[in-house]
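Contents: one structure, followed by commentary.
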Amino acid sequence: MKKTILVSADRDETRVAVLESKTKGGKRDVAELYIERRGRRSIVGNIYKGKVDNALPGIEAAFVDIGLERNGFLHVDEIVMPNGEQAPRRGRGSGRRINELIKSGQEIVVQVVKDPLKTKGARLSMNVSIAGRYLVYAPQGSGVGVSRRLSDSERDRLRKMVDRTYKGPGGLIVRTAAHGAKKADFVREIGYLHKLNEVLGRRTEQTKAPDLVFQEADLPVRVLRDVFLSDFERATIDSPKQFERVTGFFQRTAPELVDGVELYKDKEPLFEKWGIDEEIESTLNRRVDLPSGGYLIIDYAEALTVIDVNSGSFTGRGKGGLEETITRVNTEAAEEAVRQLRLRDIGGIIVIDFIDMARARNRDKMLKTLRKALDADKSKSYVVEVSPLGLVEMTRQNVTDGVREILTAPCPTCEGEGVVLSAETVALEGLRKLRDIAAGDRGSDAFLLRVHPKVAAALIDPDSGLAELESETGKQFHFEGGEALSIDIFELVEAGGREEIEERALPFKVGEEVLVKIDEPHMYNPDDAVARVDSYTVSVTGGGRFVGERKLVRIERVERSAAVASLPGTEASNGAGGGDDGSELESATSRSRRRGPRGGRGRSRSTQSGKDE
């Protein structure tokens, strides 16, 4: 499997893409995406000198002030004693309570192992470690550990080599990247890690809590340090500054990899050339199509992510029957689901709802495909067997915000729920509020309220009950507002006399000339047309032949929900509006109401006549 790493960095944002191709000469799929922005960089790996805010025996944890907006969370199992030994683990009455191990106000050195996510603070550990290319150095640890992702023979070889090379102090963990490493590589890196530890010790003594003591490397260095293995062809970086940092790190830790890093100098943007921008946009899609015609639906909840598998347009081929069709869709879905988990960096609890399969061997095949795909994922995961309901439950390590969380923000209206109140609901509640407003201000005859146009349309509708309320209270209600308003806005803007409020509320005056766009033919009279200004309906007499054009019209009559206008210089302008009884205006208004106008209007006009209020 050939792999490539692309790094694109500018002043405000750094992006890293890991590309994989499963076949020789095959298309490169984006397997992993990392995005970091200035002011929002990950703090995982950072080391702080903190001050214990409080230790809570009830949850066997402490909250530690490390100088951030929220205190960090330190579990009792992550505490290291002053002598450097791990605190006895709690369990069935054994070990010591957290308030016996640390006290409020005590200064401790901690490392962030998980970023602050949503409402939770950073997860902390007193087991401080410093990561290199091949090794992780634990100053307070002991012994040598080797990554389980390596084969048994390679693990034994590396363990023996490091044991002969290093006698302490502290402990070492041999990383997956050490596959094939030699003794000289370990000797060089051990010296490098010891120097970093000496710097850490001096800074800790000089730092006053709470404050940062040691900052983890930039995103490109972190990613290449962790994933740039021998099976990668190259790493391409479009930033000279980041290129120097990465090559400088490899020169100190893995000189043989320096030649595999190249500086991109073409004029065409790096991510645009490789089509990465489209992949980034795809991480926001709810639907993901499969090659066969099936598709995935990915939904996010507070505590878990749900992936639903659907057969879509795939109806099977050949004589395999229903079971064979379902098995193929599920097998494709298993591979694509893991790709999406890696691409979007989804963590926590994950539930995948595969299509039900009758045969146990097919379920095993699908589960085997899923687990094999997870072997390429560097994040830790745990998969449970297929449940009787056909669900696969799994967990995946989540230590930082994923691409979706970085690129998006919760909707200010629905706050991430995905639904908003309907205009009808807001209008019904608004009628109750209008009754209270009328009862609470007996000195005013009319009121102007700010609402969304759809709510205004629902209120102005003849069947809404507004006319009955106005008749009962002797008050008049007018509405203003544009499409940019939140649907649940319902605010009293002004109260006063009828003429005063009507002057403020109605967007036009009789005789005024305004430039409007003729939107569509009139529903009941094809010779006429309809225009809208700030969601206010204007019936243009004789405007049917000008649909799609901008025309200067003269306002002939004005009402709360609609107006009638004519085209200046035509016969219609001399007789528009009919007799003094206003029957033509009433007819146009009634027709506009039946059409369902989009609601209230603001005072600003979409005109070029210089008649702004």
Side-chain angles (χ1 to χ4, degrees), residues 14 34 36-87 89-90 96-132 136-141 170 193 196-219 221-222 225-226 345 347-348 397-402 405-406:
T14 301
Y34 304 91
E36 199 168 77
R37 291 175 176 170
R38 190 175 62 166
R40 279 194 61 187
R41 64 174 291 174
S42 170
I43 63 172
V44 172
N46 286 3
I47 300 173
Y48 295 85
K49 189 174 184 179
K51 182 178 290 186
V52 179
D53 192 10
N54 50 9
L56 306 175
I59 58 174
E60 294 295 357
F63 290 94
V64 183
D65 181 6
I66 56 176
L68 302 181
E69 182 180 353
R70 293 193 296 267
N71 287 347
F73 179 85
L74 177 67
H75 191 264
V76 66
D77 290 340
E78 298 293 339
I79 293 178
V80 175
M81 305 301 292
N83 59 6
E85 295 182 1
Q86 180 75 40
R89 290 187 175 272
R90 295 280 296 171
R96 297 165 60 184
R97 298 177 71 82
I98 192 166
N99 56 342
E100 299 172 347
L101 300 172
I102 57 175
K103 304 293 183 182
S104 296
Q106 180 179 341
E107 294 186 356
I108 57 176
V109 177
V110 292
Q111 186 169 35
V112 177
V113 296
K114 188 174 183 178
D115 273 329
L117 299 176
K118 297 179 181 177
T119 60
K120 299 178 181 179
R123 187 73 179 261
L124 307 176
S125 174
M126 292 177 67
N127 289 294
V128 174
S129 63
I130 305 173
V136 175
Y137 176 56
Q140 297 156 324
L193 293 174
L196 286 181
N197 186 51
E198 291 173 5
V199 173
L200 174 61
R202 289 195 299 269
R203 289 181 179 176
T204 301
E205 293 177 359
Q206 299 167 1
T207 301
K208 183 179 180 181
D211 204 354
L212 176 67
V213 175
F214 175 85
Q215 187 172 36
E216 179 62 293
D218 290 346
L219 177 64
V221 175
R222 296 200 311 269
R225 179 192 68 196
D226 296 344
D345 197 15
Q397 187 182 33
N398 185 18
V399 297
T400 63
D401 280 328
E405 286 73 21
I406 294 173

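What you see is a predicted model; the values in this text were computed from it and never measured.
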Within a strict 4.5 Å, meaning less than it, do heavy atoms of the [X] and [Y] side chains meet?
| X | Y | result |
| --- | --- | --- |
| Val213 | Tyr48 | no |
| Leu56 | Ile98 | no |
| Ile43 | Leu68 | yes |
| Leu74 | Ile108 | yes |
| Asp115 | Asp401 | no |
| Arg123 | His75 | yes |
| Ile406 | Arg40 | yes |

Looking at [atom1] of [X] and [atom2] of [Y], how far apart are the two atoms once the value is rounded to the nearest 0.5 Å?
| X | Y | atom1 | atom2 | answer |
| --- | --- | --- | --- | --- |
| Glu60 | Asp77 | CD | CG | 9.0 Å |
| Ile102 | Met126 | CD1 | CE | 7.0 Å |
| Asn54 | Asp65 | CG | CG | 10.5 Å |
| Ile130 | Asn197 | CD1 | CG | 4.5 Å |
| Asn71 | Phe63 | CG | CZ | 8.0 Å |
| Leu124 | Ile79 | CG | CD1 | 11.0 Å |

Nearest atoms (heavy-atom pairs only) where [X] meets [Y]:
| X | Y | result |
| --- | --- | --- |
| Leu117 | Thr400 | CD2-C, 3.8 Å |
| Ser104 | Ala55 | OG-N, 4.0 Å |
| Lys114 | Val112 | O-CG1, 3.4 Å |
| Tyr137 | Gly170 | CE1-CA, 4.1 Å |
| Ala62 | Val52 | CB-CG1, 4.4 Å |

(message) Is it the case that the side chain of Arg222 and the backbone of Ala217 share a donor-acceptor pair, with hydrogens and angles ignored and the cut-off at 3.5 Å?
(response)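 Checked: pair present.
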
(message) Has Gln111 got a side-chain atom pairing as donor or acceptor with Ile47's backbone, closer than 3.5 angstrom?
(response)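 Looks like no, no N/O pair under 3.5 Å.
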
Would you give me the side-chain donor-acceptor pairs under 3.5 Å for residues 199-210, sequence neighbours excluded?
| residue | atom | partner | partner atom | Å |
| --- | --- | --- | --- | --- |
| Thr204 | OG1 | Leu200 | O | 2.7 |
| Thr207 | OG1 | Arg203 | O | 2.6 |

(message) For the NZ atom on Lys103, are there more than 12 heavy atoms of other groups (residues, nucleotides or ligands in this structure) within a distance under 6.0 Å?
(response)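 Count over threshold, so yes.
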
(message) Test: salt bridge (Lys or Arg N to Asp or Glu O under 4.0 Å). Region: residues 49-59. Which pairs qualify, not counting sequence neighbours?
(response)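 Listed by first then second residue: Lys49-Glu107.
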
(message) Would Asn127 and Val80 count as a side chain to side chain contact (heavy atoms under 4.5 Å, CB included) here? Give the steps.
(response) CA-CA 7 Å; Asn127 289 294; Val80 175; 3.2 Å; yes

